[in-house]
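Owing to the predicted nature of the structure, the values given are computational and were not obtained by experimental measurement. Residue numbers begin at 1 in each chain, while the letters A, B, ... track the order of the sequences.
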2 protein chains.
Amino acid sequence: MKPRKPNSRDKILAAAADVAREAGPGNLSLDAVANRAGISKGGLLYNFPSKARLMQALVEQYLRDFDKALEEVHSADGRKNLLSAYIRLSVEECQETEASASWIFSAIAEDPEFLTPLKTFKRQLFERLKAKTPDLKALLVTYLAIEGLRSMTLFEFHTLEDEERQLLIDSLLSLAGADSNIAG
Amino acid sequence: MKPRKPNSRDKILAAAADVAREAGPGNLSLDAVANRAGISKGGLLYNFPSKARLMQALVEQYLRDFDKALEEVHSADGRKNLLSAYIRLSVEECQETEASASWIFSAIAEDPEFLTPLKTFKRQLFERLKAKTPDLKALLVTYLAIEGLRSMTLFEFHTLEDEERQLLIDSLLSLAGADSNIAG
DNA sequence: TTGACAATACCGTCCAGACGGTACAGTAGA
DNA sequence: TCTACTGTACCGTCTGGACGGTATTGTCAA
C-alpha cells in the first residue's frame with residue numbers, strides 16, 4: 001500500500017519517546033524532538049504537520065505494536081490461553097526499562113482526547129478476554145493487577161521488591177492458567 | 001501548631017484541582033488557578049511563591065487526607081484488617097467523580113520529582129500492609145488490583161461495567177478477608 | 001538524450017502568544 | 001501598624017507553527 005516510506009517517521013517517533021523519557025513528559029517540544037531525531041524542525045513538521053498529529057501517531061504506533069506482539073505471543077503457544085499470553089506480554093513490556101511510555105503523560109497534558117484510541121483498544125481487548133476466560137472473577141482480578149503493574153511501571157513507583165514481583169507474576173499466571181483446572 | 005490559616009490556601013488548592021480536571025492537566029496555569037479561586041495572581045503568589053510550591057502542596061495535601069481517611073476507616077472497624085480498610089477506602093475514592101486527581105498529570109508534566117513523597121508514602125504503606133497481612137500472595141494480588149483500579153479511574157478508562165466492577169471488589173475483599181480464614 | 005517541470009523531503013528563520021514570575025503601589029480589616 | 005491581600009504593568013523565555021527557500025529524484029514529452 002504505502003510506497004516504502006523512508007524511516008524518518010519512525011526515527012521521529014522513537015526520538016519523541018526518548019525525549020519524553022529523558023527530559024520529562026512536560027518537555028516534549030518539537031525542537032527537542034527534531035534535535036534528538038537529527039532533523040530540522042521544518043523537516044519534523046513536514047512529516048507530522050502538527051504536534052497533535054505526532055501525538056496521535058505515537059498512540060497509534062504503540063497500539064499497533066502491542067497488538068502485533070500479543071498476536072505473536074498468543075500464537076506461539078498454540079492460541080490456548082489468551083489471558084496468560086496477555087499477562088506474559090504485559091510483564092515483559094513492564095520490564096523493558098527502555099519502554100517506559102512516559103510519552104503518554106505528554107499526550108494527556110496536550111489533550112486527554114489523544115487516549116481515546118487507547119480506551120477503545122483496552123475495552124475491546126477486555127471483551128476478547130472475557131469471551132475466552134471461563135472464570136470471570138479470576139479474569140477481573142488478574143486483569144486489574146496487570147493494569148496496576150503497568151501503572152506502577154509508568155509512574156516509576158518502585159514499591160515491589162524483585163521477589164515480591166516474581167511471586168505476584170506467578171500468582172497471576174496460576175490464576176490465569178486456572179481455566180483448565182477450575183473451569184466451572 | 002499553625003495559627004489557624006484562613007482558607008485561602010485551601011481555596012487555591014481546590015481551585016487548582018478543579019482547573020486540572022476541567023481544563024485538562026496541561027492547562028493548569030497560575031492565571032487560571034487564580035481566576036478559579038476568585039483571587040488575584042498576586043494573591044496566589046503571595047500564598048504559594050512559585051508554581052512548584054503549589055504542586056508540592058497539592059501532593060502533600062492529598063497524602064495527608066488519604067492517611068487521615070485510612071486511619072478513620074481502619075479505626076472504625078476495630079483496627080482488625082488494614083488491607084480490607086485500604087481496599088474499601090481506595091474503592092470509595094475511585095467512585096467520587098469529583099476526585100479524579102488529574103492534577104497528578106500536571107505535576108508529572110511539571111517535574112516528575114513532585115511524586116517522590118507519593119512514592120515513599122506508597123512504599124511505607126505497603127510495608128505496613130505486608131507486616132499485617134499473613135497471606136503475601138493475596139496481598140500482592142489485591143494491592144496491585146487496587147492500584148490498577150486507581151489507574152483506570154485516573155486515566156478514565158471505562159473498561160469495566162458496574163457489575164464487573166462490583167464482582168471485582170467483592171473478590172478483592174474476600175481475598176483480603178482471608179487472613180482470618182486461610183491464615184497460614 | 002535532453003530539457004522542463006514537478007513532487008518529495010527536508011532546512012532555517014521568524015513570529016505571535018502563553019506562561020511563570022517580579023515589582024510595586026494601593027487598601028481594607030484586625 | 002501589620003497582615004493579607006488586589007490590581008496592573010511588565011519582562012524574559014519558551015513553543016507551536018507558518019513560511020520561504022533548496023537539494024534530490026522522478027516523470028515525460030519533444
Q: Of all residues at least two apart in sequence or in a different chain, which pass the salt bridge (Lys or Arg N to Asp or Glu O under 4.0 Å) check with A:Glu163?
A: none

Q: Could you check how far CE of A:Met55 sits from C1' of D:dT15, rounded to whole Å?
A: 12 Å

Q: Sequence neighbours left out, what passes salt bridge (Lys or Arg N to Asp or Glu O under 4.0 Å) with A:Lys137? Give chain and number order.
A: none

Q: Can you name the residues that form a salt bridge (Lys or Arg N to Asp or Glu O under 4.0 Å) with B:Arg36, not counting sequence neighbours?
A: B:Asp18, B:Glu22

Q: Mind calculating the distance between CD1 (B:Ile12) and C1' (D:dC5) to the nearest angstrom?
A: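 Rounding to the nearest Å, CD1 of B:Ile12 and C1' of D:dC5 are 10 Å apart.
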
Q: Could you work out, with salt bridge (Lys or Arg N to Asp or Glu O under 4.0 Å) as the rule, every residue matching B:Glu127, not counting sequence neighbours?
A: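 Salt bridge (Lys or Arg N to Asp or Glu O under 4.0 Å) check on B:Glu127 returns B:Arg123.
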
Q: Going by the rule ring pair (Phe, Tyr, Trp, His ring centres under 6.0 Å), which residues pair with A:Phe155 if we only count those two or more places apart in sequence or in a different chain?
A: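 A:Phe105, A:Phe157.
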
Q: With a 4.0 Å cutoff (strictly under), does any side-chain N or O of B:Tyr46 reach OP1 or OP2 of D:dC5?
A: no

Q: Output side-chain donor-acceptor pairs under 3.5 Å for residues 139-150 of chain A, partner residues at least two apart or in another chain, one line each.
A:
unit_1   : atom_1 : unit_2   : atom_2 : d
A:Thr142 : OG1    : A:Ala138 : O      : 2.7
A:Thr142 : OG1    : A:Leu139 : O      : 3.0
A:Glu147 : OE2    : A:Lys122 : NZ     : 2.5
A:Arg150 : NH1    : A:Glu93  : OE1    : 2.7
A:Arg150 : NH2    : A:Tyr86  : OH     : 2.7
A:Arg150 : NH2    : A:Ser90  : OG     : 3.2

Q: Distance check: side-chain N/O of B:Asn47 vs OP1/OP2 of D:dC5, anything under 4.0 Å?
A: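 Looking at the OP1 and OP2 atoms of D:dC5, one of them is under 4.0 Å from a side-chain N or O of B:Asn47.
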
Q: Residues of residues 17-25 of chain A with any non-hydrogen atom less than 4.0 angstrom from an atom of DNA chain D: list those, numerically ordered, please.
A: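 Going residue by residue through residues 17-25 of chain A, none turns out to have a heavy atom under 4.0 Å of DNA chain D.
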
Q: For C:dC10 and A:Ser8 - does any side-chain N or O of the residue sit under 4.0 Å from the phosphate oxygens OP1/OP2?
A: yes

Q: Could you state the CD1-C1' distance from A:Ile39 to D:dT22, rounded to the nearest angstrom?
A: 15 Å

Q: Taking only N/O atoms, report every protein-nucleotides 18-24 of chain C pair under 3.5 Å with atom names and distance.
A:
unit_1 : atom_1 : unit_2  : atom_2 : d
C:dG20 : OP1    : B:Lys51 : NZ     : 2.7
C:dG20 : OP2    : B:Leu30 : N      : 2.9
C:dG20 : N7     : B:Lys41 : NZ     : 3.3
C:dG21 : OP2    : B:Lys51 : N      : 2.7
C:dG21 : N7     : B:Lys41 : NZ     : 2.9
C:dG21 : O6     : B:Lys41 : NZ     : 3.1

Q: Hydrophobic clustering (ILVMFWY, side-chain heavy atoms < 4.5 Å, transitive) - are A:Phe114 and A:Ile104 grouped together?
A: yes

Q: By side-chain hydrogen bond (donor to acceptor under 3.5 Å, both in side chains), which residues pair with B:Lys51, not counting sequence neighbours?
A: B:Glu110

